[in-house]
Amino acid sequence: MTVRLPSPFWATQGSRRTVPLSLLLKRARTVWTRLSAEYAPFELKGTLKARGYRWNDGSDGRPKAWFIDRPPEEVEEEVRFLSSDIYPRDVDIPVRPVEAGNRFTSRV
């Protein structure tokens with residue numbers, strides 16, 4: 001059985017046609033990085049929320065902290081943001097690799 005997708009479901013990359021599912025699979029195979037803003041000043045919580053950070057309340061055993069997951073190419077930019085806009089002093093920013101299977105669980 002052959003399934004034909006209507007043209008809006010196709011993405012074009014150069015002269016190749018790629019089904020969006022292959023793009024999703026490529027993204028799922030990429031190991032992302034979780035950055036945590038531990039002990040961030042309370043006054044800056046709005047800045048972190050606006051940037052896409054989520055709060056972990058510590059109930060799952062992880063530290064209480066704001067965190068965000070970023071692809072490898074965006075990690076340096078995010079570390080610069082935390083160093084310049086959030087922390088007024090030098091701090092070590094916790095960085096952990098996160099695979100797709102663990103990204104939305106409390107196992108990381």
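For reference, positions follow the sequence shown, starting with 1. The basis for the numbers below is simple: all heavy atoms, side chains too, and nothing from hydrogens, waters or symmetry mates.
Hydrophobic clustering, with ILVMFWY side chains joined whenever heavy atoms are under 4.5 angstrom apart, groups F81 together with V79. W55 and I93 fall within the same hydrophobic cluster, where Ile, Leu, Val, Met, Phe, Trp and Tyr residues are linked whenever their side-chain heavy atoms come under 4.5 Å apart, directly or through other members. Linking Ile, Leu, Val, Met, Phe, Trp and Tyr whenever their side-chain heavy atoms come within less than 4.5 Å puts I68 and V91 in one cluster. One hydrophobic cluster holds both W66 and L44 under the rule that ILVMFWY side chains link at heavy-atom gaps under 4.5 Å.
Ion pairing between a basic and an acidic side chain is recognised when a charged N comes within 4.0 Å of a carboxylate O; R51 and E77 show such pairing.
Here the straight-line distance linking atom OH of Y87 with atom CD of E38 works out to 7.0 Å at 0.5 Å rounding. One finds the CD1 atom of I86 at 13.5 Å from the NZ atom of K45 (value rounded to the nearest 0.5 Å). The CG atom of D69 sits 11.5 Å away from atom CD of E74, with the distance rounded to the nearest 0.5 Å. Between atom OH of residue Y39 and atom NZ of residue K64 there is a gap of 10.5 Å, rounded to the nearest 0.5 Å. The structure places OH of Y53 at 5.5 Å from CG of L35, a figure rounded to the nearest 0.5 Å. In this structure, the separation between CZ on R62 and CG on D57 is 9.0 Å, given to the nearest 0.5 Å.
Residue E73 qualifies as enclosed at atom CD: its count of foreign heavy atoms under 6.0 Å is above 12.
Across all non-hydrogen atoms, the minimal contact from T30 to K26 is OG1-O, 3.1 Å.
Side-chain contact between D85 and L48: absent, with no pair of heavy atoms (C-beta onward) separated by less than 4.5 Å. The shortest distance between side-chain heavy atoms of R27 and P71 does not fall below 4.5 Å.
Among residues two or more places apart in sequence or in another chain, the side-chain contact (heavy atoms from CB on, under 4.5 Å) test is passed with R29 by L25.
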